[in-house]
Protein chains: 2
Amino acid sequence: MYYSTMKQASHLTNTAGYMLSKLGQAATEEFAERLRPLGLRPRHCGLLAAIRGMPMASQLALGQALNVVPSAIVPMIDDLEALGAINRVPDEADRRRYAIQLTPKGAALLQQAMAIALKLDDVILASLEKDERDTLRRLLDKLSSRSPQG
Amino acid sequence: MYYSTMKQASHLTNTAGYMLSKLGQAATEEFAERLRPLGLRPRHCGLLAAIRGMPMASQLALGQALNVVPSAIVPMIDDLEALGAINRVPDEADRRRYAIQLTPKGAALLQQAMAIALKLDDVILASLEKDERDTLRRLLDKLSSRSPQG
DNA sequence: TATTGTTATACTCTATAACTATA
DNA sequence: TATAGTTATAGAGTATAACAATA
């Protein structure tokens with residue numbers, strides 16, 4: 001199926017960059033919506049995943065891993081602490097530091113967030129056949145690993 | 001060295017939704033960077049394209065087409081007017097309205113923006129083979145047409 | 001009363017810079 | 001002096017509400 005003559009005018013809006021931008025924004029908004037009952041926002045999920053992947057890391061180390069500045073990572077961790085999802089464990093060797101520890105509740109929240117993300121994927125990809133979904137994920141993953149900021 | 005929990009931890013970041021979100025954000029930022037010499041921002045480009053596609057439309061009609069609220073579309077059109085890209089033509093039949101008219105300079109700016117967008121696509125998709133790029137564009141387009149907000 | 005365009009305002013997100021307490 | 005964490009603050013982006021002119 002060709003849309004060859006379809007729109008010279010929409011060349012811009014038919015670029016991969018434009019479509020990625022619009023689809024990504026829509027995906028984030030929908031994810032935020034579904035996440036709300038958990039008291040989480042999309043940003044918290046990436047952080048929770050990082051905390052699980054880097055046990056007892058310092059706050060700034062987590063920020064660097066996520067490319068988030070210190071002044072932004074602190075209130076995000078405040079949020080998770082208020083939810084009981086993490087503990088700030090004082091580092092006795094270096095009393096400036098806190099080691100961030102995932103609580104059982106935090107692990108459960110991450111699990112629920114993952115379930116929501118997977119469910120949302122089914123919705124986002126509903127118009128694709130099963131093999132097309134795999135193809136899309138593979139191609140997006142290929143783009144992600146190439147990007148300067150994964 | 002293989003961490004069994006690692007794979008599970010990255011489920012969230014391997015969803016299509018997450019990857020679309022991150023890639024879309026990166027694409028927008030890079031587009032903004034390359035657009036800067038023209039005095040445009042990414043949102044001006046979608047607006048310029050809409051103006052070309054809807055000659056002499058009212059400001060609010062353009063806003064509705066782009067799903068942008070009136071209080072946001074006005075300063076965007078202010079920007080384009082300041083650049084000489086559009087004219088606000090008073091509607092003599094309904095003196096509340098302005099018809100938005102693309103100027104030759106505006107058409108030229110849109111053309112340049114399109115060239116930049118196409119060039120950026122080559123960069124974004126550099127890690128894909130030619131047939132993979134076509135496949136990705138086709139799949140993204142399929143997702144876009146399904147979305148509530150194209 | 002309703003509608004077009006506009007301004008005022010508020011809220012979020014993000015980043016820079018300054019500050020504290022340790023090292 | 002440098003670093004971990006924190007707070008203050010300012011800048012964009014975006015949305016709601018109020019408003020003026022006109023229909």
Side-chain angles (χ1 to χ4, degrees), chain A residues 21-22 24-33 35-36 39-47 50-51 54 56-82 86-101 149, chain B residues 21-22 24-33 35-36 39-47 50-51 54 56-82 86-101 149:
Chain A
S21 170
K22 292 299 175 187
Q25 198 176 340
T28 300
E29 285 168 15
E30 184 63 29
F31 189 43
E33 193 76 28
L35 224 42
R36 195 163 300 152
L40 293 175
R41 289 163 181 263
R43 49 215 327 296
H44 297 128
C45 294
L47 177 53
I51 290 170
M54 301 167 60
M56 305 307 277
S58 72
Q59 299 183 79
L60 267 51
L62 290 165
Q64 282 166 4
L66 295 167
N67 203 34
V68 173
V69 296
S71 65
I73 199 80
V74 167
M76 284 167 61
I77 293 182
D78 286 347
D79 294 339
L80 294 181
E81 193 178 37
I86 61 103
N87 288 322
R88 280 181 162 105
V89 182
D91 184 330
E92 300 186 2
D94 182 343
R95 280 153 53 196
R96 292 171 305 179
R97 289 181 175 232
Y98 292 105
I100 304 304
Q101 180 183 49
Q149 299 300 339
Chain B
S21 169
K22 291 300 176 188
Q25 197 176 341
T28 301
E29 284 168 15
E30 184 63 29
F31 189 42
E33 193 77 29
L35 223 44
R36 194 163 300 153
L40 294 174
R41 288 164 181 265
R43 57 199 147 96
H44 296 130
C45 295
L47 177 53
I51 290 170
M54 302 166 60
M56 304 308 276
S58 73
Q59 300 184 90
L60 266 54
L62 290 165
Q64 282 167 1
L66 294 167
N67 203 35
V68 173
V69 295
S71 65
I73 199 80
V74 167
M76 283 168 62
I77 293 183
D78 286 347
D79 295 339
L80 294 181
E81 193 177 36
I86 61 104
N87 289 322
R88 279 180 162 106
V89 181
D91 183 332
E92 299 186 3
D94 182 344
R95 278 153 53 197
R96 293 171 305 181
R97 289 181 175 233
Y98 291 105
I100 304 304
Q101 180 183 48
Q149 299 300 339

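Here the structure is a predicted model, which means the values were calculated and not measured. In the text below, chain A, chain B and the rest are named by the order of the sequence lines, each starting its count at 1.
When distances run from any side-chain atom of Leu60(B) to the nucleotides dT6(D), dA15(D), dG5(C), the shortest one goes to dG5(C). For Arg43(B), counting side-chain heavy atoms from C-beta on, the closest listed nucleotide (dG13(D), dT6(D), dT14(C)) is dG13(D).
Between the CZ atom of Arg88(B) and the P atom of dT4(C) there is a distance of 15 Å, rounded to whole Å. Between the CG atom of Leu66(B) and the P atom of dG13(D) there is a distance of 16 Å, given to the nearest Å. Rounded to whole angstrom, the span from the CE atom of Met76(A) across to the P atom of dA15(C) amounts to 11 Å. Between the CD1 atom of Ile86(B) and the P atom of dG5(C) there is a distance of 11 Å, given to the nearest Å. Between the CD1 atom of Ile77(A) and the C1' atom of dT7(D) there is a distance of 16 Å, rounded to whole Å. A straight line from OH of Tyr98(B) to C1' of dT3(C) spans 15 Å, rounded to a whole angstrom. Summarising the geometry, the separation between CD on Glu29(A) and C1' on dA15(D) is reported as 12 Å, rounded to the nearest angstrom. dT6(D) atom C1' lies 15 Å from atom CG of Asp79(A), rounded to whole Å.
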Problem set entry | Letter per nucleotide, 5' to 3', of nucleotides 17-23 of chain C [B base touched, S only sugar-phosphate touched, - untouched; heavy atoms, 4.0 Å] | B---BBS
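For Glu29(B), there are no salt bridge (Lys or Arg N to Asp or Glu O under 4.0 Å) partners at least two apart in sequence or on another chain. With sequence neighbours excluded, the residues satisfying salt bridge (Lys or Arg N to Asp or Glu O under 4.0 Å) with Arg88(A) are Asp78(A), Glu81(A). When the side-chain hydrogen bond (donor to acceptor under 3.5 Å, both in side chains) test is applied to Thr28(A), the partners found at least two apart in sequence or on another chain are Ser21(B). Evaluation of the side-chain hydrogen bond (donor to acceptor under 3.5 Å, both in side chains) rule for Asp94(A) yields Arg96(A) as partners, not counting sequence neighbours. For the salt bridge (Lys or Arg N to Asp or Glu O under 4.0 Å) test, no residue two or more places apart in sequence or in another chain qualifies with Arg43(A). Among residues two or more places apart in sequence or in another chain, the side-chain contact (heavy atoms from CB on, under 4.5 Å) test is passed with Met54(A) by Ala57(A), Ala61(A), Leu62(A), Ala65(A). Val69(A) is linked by a side-chain contact (heavy atoms from CB on, under 4.5 Å) to Ser71(A), Ala72(A), counting only residues two or more places apart in sequence or in another chain.
With Ile77(A) as the fixed residue, the side chain to side chain contact (heavy atoms under 4.5 Å, CB included) test singles out one of Ile73(A), Asp79(A), Val74(A): Ile73(A). For the side chain to side chain contact (heavy atoms under 4.5 Å, CB included) with Leu80(A), the qualifying choice from Ile100(A), Asn87(A), Leu40(A) is Leu40(A), the only one to do so.
Each of Ile100(A) and Val69(B) lies near DNA chain D, and the nucleotide nearest Ile100(A) is the one positioned closer to the 5' end.
Each end of the helix from dT1(C)-dA23(D) to dA23(C)-dT1(D) gets its own rotation axis from five pairs of C1' atoms, and the angle between them is 30° to the nearest 10 degrees.
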